[in-house]
Amino acid sequence: MKVERLNQIEQLVLEKGNVSFKQLQDHFNVSLNTLRRDINELVAHGKVEKVYGGVKAVRKTQELVHFEQREFTEQLAKVKIGKTAAALVEPGDIIYIDSGTTTVQMLPYLPQDLEVTILTNNLDVINAAANRPKVKLLVVGSKFRHSTRSFVDATSGLNLPRININKAFMAATGISLTAGLTNSDAQEQIMKSDICKASQQIILLADHTKFGHMALMTYANLKEINTIVTDRLEVQAQEFQDFFESHDIQVLFPEL
């Protein structure tokens with residue numbers, strides 16, 4: 001797929017620093033015209049620079065200059081995504097809020113007096129929901145993972161396949177047209193898969209950087225999603241837009 005090829009070209013150039021058109025053409029087995037169109041898209045988005053006979057990575061000094069600005073922009077995007085997703089929660093809903101730094105942004109935007117049942121494995125969501133007396137809180141998972149601030153291993157406790165969930169607000173490490181929603185941990189993969197099977201609606205919260213990437217394990221097919229909340233879709237994500245339209249998947253963007 002084109003979007004995955006663009007990401008692979010970008011990664012190869014970043015790793016090697018400088019790559020010729022001939023090397024890229026041989027590596028990806030595409031025509032020179034196709035390769036030139038791909039390179040032009042990456043150049044337009046500031047990913048690489050053209051040089052004589054090939055391309056090179058954008059200078060790392062430029063990346064460092066803009067690092068703090070990018071970090072702030074990405075965090076702001078997550079907050080806006082969380083706010084937009086929170087508006088989808090209705091009184092009486094039984095919802096699942098997944099682990100992740102984007103899904104946790106929903107909590108500040110849920111009304112304090114909202115009566116809702118929240119299932120989650122996200123420690124930060126648990127802490128925030130614990131202060132809301134009208135929230136019925138159910139914790140999923142029995143083993144705490146420090147790296148993701150979440151609980152995994154749902155083999156004990158709640159019987160997830162028997163739980164009725166209205167809306168599952170999910171996160172993903174990577175989103176691929178071929179592999180679907182992916183993550184890198186076996187225990188999380190099982191939990192996420194069970195949650196998606198038990199939920200009437202799957203709502204994916206993901207910023208634009210997740211699209212076109214693929215992690216080790218798939219927990220849901222892309223066509224199973226009902227709604228996607230994202231900050232934006234890049235120009236090279238046209239294939240994703242076409243897929244969403246053809247499968248009646250709603251895409252929501254935060255208000256500016």
Side-chain angles (χ1 to χ4, degrees), residues 1-7 41 45 77-106 109-110 114 116-120 122 160-183 188-215 217-256:
M1 293 293 183
K2 178 182 176 182
V3 66
E4 293 182 1
R5 187 176 67 247
L6 285 169
N7 281 300
E41 286 195 36
H45 286 85
K78 292 179 180 182
V79 171
K80 290 181 177 180
I81 291 170
K83 181 179 180 181
T84 301
L88 302 176
V89 181
E90 300 174 293
D93 271 347
I94 302 172
I95 67 173
Y96 177 80
I97 300 181
D98 201 7
S99 61
T101 55
T102 303
T103 48
V104 72
Q105 303 298 334
M106 293 176 60
Y109 298 102
L110 293 177
L114 181 67
V116 64
T117 298
I118 296 178
L119 290 84
T120 186
N122 189 322
L160 292 181
R162 291 181 176 270
I163 295 291
N164 296 314
I165 301 172
N166 297 121
K167 300 162 185 171
F169 294 88
M170 304 301 296
T173 303
I175 305 164
S176 165
L177 285 172
T178 54
L181 308 186
T182 65
N183 79 306
E188 282 196 351
Q189 186 272 341
I190 295 172
M191 182 184 296
K192 289 173 182 283
S193 179
D194 285 345
I195 288 292
C196 289
K197 291 174 183 175
S199 183
Q200 296 175 4
Q201 295 183 48
I202 300 174
I203 302 169
L204 177 67
L205 280 60
D207 65 67
H208 68 280
T209 64
K210 302 295 180 67
F211 292 89
H213 296 281
M214 181 174 62
M217 299 178 181
T218 296
Y219 72 83
N221 193 295
L222 203 57
K223 65 183 179 182
E224 296 175 30
I225 302 172
N226 301 98
T227 303
I228 294 174
V229 186
T230 186
D231 55 330
R232 69 177 188 270
L233 291 174
E234 300 283 19
V235 173
Q236 63 263 37
Q238 183 61 49
E239 289 176 324
F240 280 99
Q241 296 182 49
D242 294 342
F243 183 93
F244 299 151
E245 290 177 7
S246 64
H247 290 81
D248 294 322
I249 298 172
Q250 181 185 35
V251 182
L252 299 179
F253 300 99
E255 294 182 3
L256 298 178

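Owing to the predicted nature of the structure, the values given are computational and were not obtained by experimental measurement.
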(message) Test of understanding: with salt bridge (Lys or Arg N to Asp or Glu O under 4.0 Å), list the residues that count as partners of Glu90, not counting sequence neighbours.
(response)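 Partners of Glu90 under the salt bridge (Lys or Arg N to Asp or Glu O under 4.0 Å) test: Lys167.
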If you define the side chain from C-beta out and look only at heavy atoms, does anything of [X] sit under 4.5 Å from [Y]?
X: Met106; Y: Val89; value: yes
X: Ile228; Y: Phe211; value: yes
X: Ile175; Y: Leu181; value: yes
X: Tyr96; Y: Met170; value: yes
X: Leu177; Y: Phe240; value: yes
X: Leu252; Y: Leu88; value: yes
X: Thr84; Y: Phe253; value: no

Looking at [Y], is its backbone amide N or carbonyl O close enough to the side chain of [X] to form a donor-acceptor pair, meaning the two atoms are under 3.5 Å apart?
X: Thr227; Y: Gln250; result: no
X: Asp98; Y: Ala171; result: yes
X: Asn166; Y: Ile94; result: yes
X: Thr218; Y: Ala179; result: yes
X: Asp231; Y: Ile81; result: no
X: Thr182; Y: Ala215; result: yes
X: Thr102; Y: Lys78; result: no

Rounded distance (nearest 0.5 Å) linking atom [atom1] of [X] with atom [atom2] of [Y]:
X: Leu110; Y: Ile97; atom1: CG; atom2: CD1; value: 6.0 Å
X: Leu204; Y: Thr103; atom1: CG; atom2: OG1; value: 10.5 Å
X: Met191; Y: Gln189; atom1: CE; atom2: CD; value: 11.0 Å
X: Lys210; Y: Leu205; atom1: NZ; atom2: CG; value: 10.0 Å

Ring pair (Phe, Tyr, Trp, His ring centres under 6.0 Å) filter on His247, not counting sequence neighbours, yields Phe243
If only side-chain N and O atoms count, and only distance matters, is there a donor-acceptor pair under 3.5 Å linking Asp207 with Thr209?
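Their side chains do contain a donor-acceptor pair, which is all the 3.5 Å distance test asks for.
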Quick one: closest heavy-atom pair of Leu222 and Ser176, and the distance?
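Reported closest heavy-atom pair: CD2-O, 4.0 Å.
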Asn122 and Thr120 have their tightest heavy-atom pair at N-OG1, 3.0 Å
Give every donor-acceptor pair under 3.5 Å between a side-chain atom in residues 196-203 and any protein atom, sequence neighbours left out.
| unit_1 | atom_1 | unit_2 | atom_2 | d |
| --- | --- | --- | --- | --- |
| Ser199 | OG | Ala168 | N | 3.2 |
| Ser199 | OG | Gln201 | N | 3.4 |
| Ser199 | OG | Gln201 | O | 2.6 |

